[in-house]
Every structure is written in structure tokens, then in C-alpha cells.
Amino acid sequence: MIDMSKLWEYLDQEVENSPMPKEYENYMVDILCKDCHKESNIPFHAVGLKCSFCGAYNTCQTTKTTDRVSSAANADGEGN
């Protein structure tokens, strides 16, 4: 098994340094982590989709790209 922590740290930095355009700020997607095998709903980012459970980027998107925004954005009347 290979220690991927340095790559995850690098990708965290890339995500932090690459803000998504406004129209994608609250765009949420469902993912499946291939490391911990858990599903989660996370903010979309073009650099990578980080597992909210184990922190890995070894994930795949499980939903189609549709108009899925966070509930906070919906409550504000944005992101339809």
C-alpha cells in the first residue's frame, strides 16, 4: 500500500488556490470514496472531489451533473 497523504495535501492546496466560479460555488455532488467505501454529498470542485469521511481524493461522482445546490443556497433563493 502507498502513503497518499502528500498527494492529498497537494490537492488540498490546489483546491484552496483555485476558487470555483460563482455559478459553481454552491454546486453539490454525490460521491463514492474508493478508499473508505462511503458515500457523501460534497461541494463540486474541478481539481478533485474530496471524501468528507477519510479525506482521500480517490473518489468518483455518483450523480449526474444537474442543478444540485446546497440547502443554504436554496434557502437564500440562489442557485436554482
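All values below come from the heavy atoms of this structure, side chains included, with hydrogens, waters and symmetry mates left out.
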Next on the checklist: Can you tell me if F53 has over 12 outside heavy atoms packed within less than 6.0 Å of its CZ?
Outcome noted: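 Yes.
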Rounded to the nearest 0.5 Å, what separation is found between the [atom1] atom of [X] and the [atom2] atom of [Y]?
X: L49; Y: N58; atom1: CG; atom2: CG; result: 11.5 Å
X: F44; Y: M28; atom1: CZ; atom2: CE; result: 12.5 Å
X: E39; Y: S52; atom1: CD; atom2: OG; result: 11.0 Å
X: Y24; Y: H45; atom1: OH; atom2: NE2; result: 12.5 Å
X: K34; Y: C60; atom1: NZ; atom2: SG; result: 4.5 Å
X: Y57; Y: M4; atom1: OH; atom2: CE; result: 12.0 Å

What are the two closest non-hydrogen atoms of [X] and [Y], and how far apart are they?
X: E14; Y: V47; value: CB-CG1, 3.9 Å
X: C33; Y: C36; value: SG-N, 3.4 Å
X: I31; Y: C51; value: CD1-CA, 3.9 Å
X: S40; Y: I42; value: OG-CG2, 3.8 Å

Next on the checklist: Taking salt bridge (Lys or Arg N to Asp or Glu O under 4.0 Å) as the definition, give me every residue that meets it alongside E25, ordered by chain and number, with sequence neighbours left out.
Outcome noted: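 Expected list: K22.
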Next on the checklist: Using only atom types and a distance under 3.5 Å, with no angle test, would you say the side chain of T62 pairs donor to acceptor with the backbone of D30?
Outcome noted: yes
Item to check | H37 (side chain) donor-acceptor with L32 (main chain) under 3.5 angstrom | outcome: no
Checklist entry - Is Y10 close to D12 at the side-chain level, that is, under 4.5 Å between some pair of heavy atoms? => result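 No. Closest side-chain heavy atoms not under 4.5 Å.
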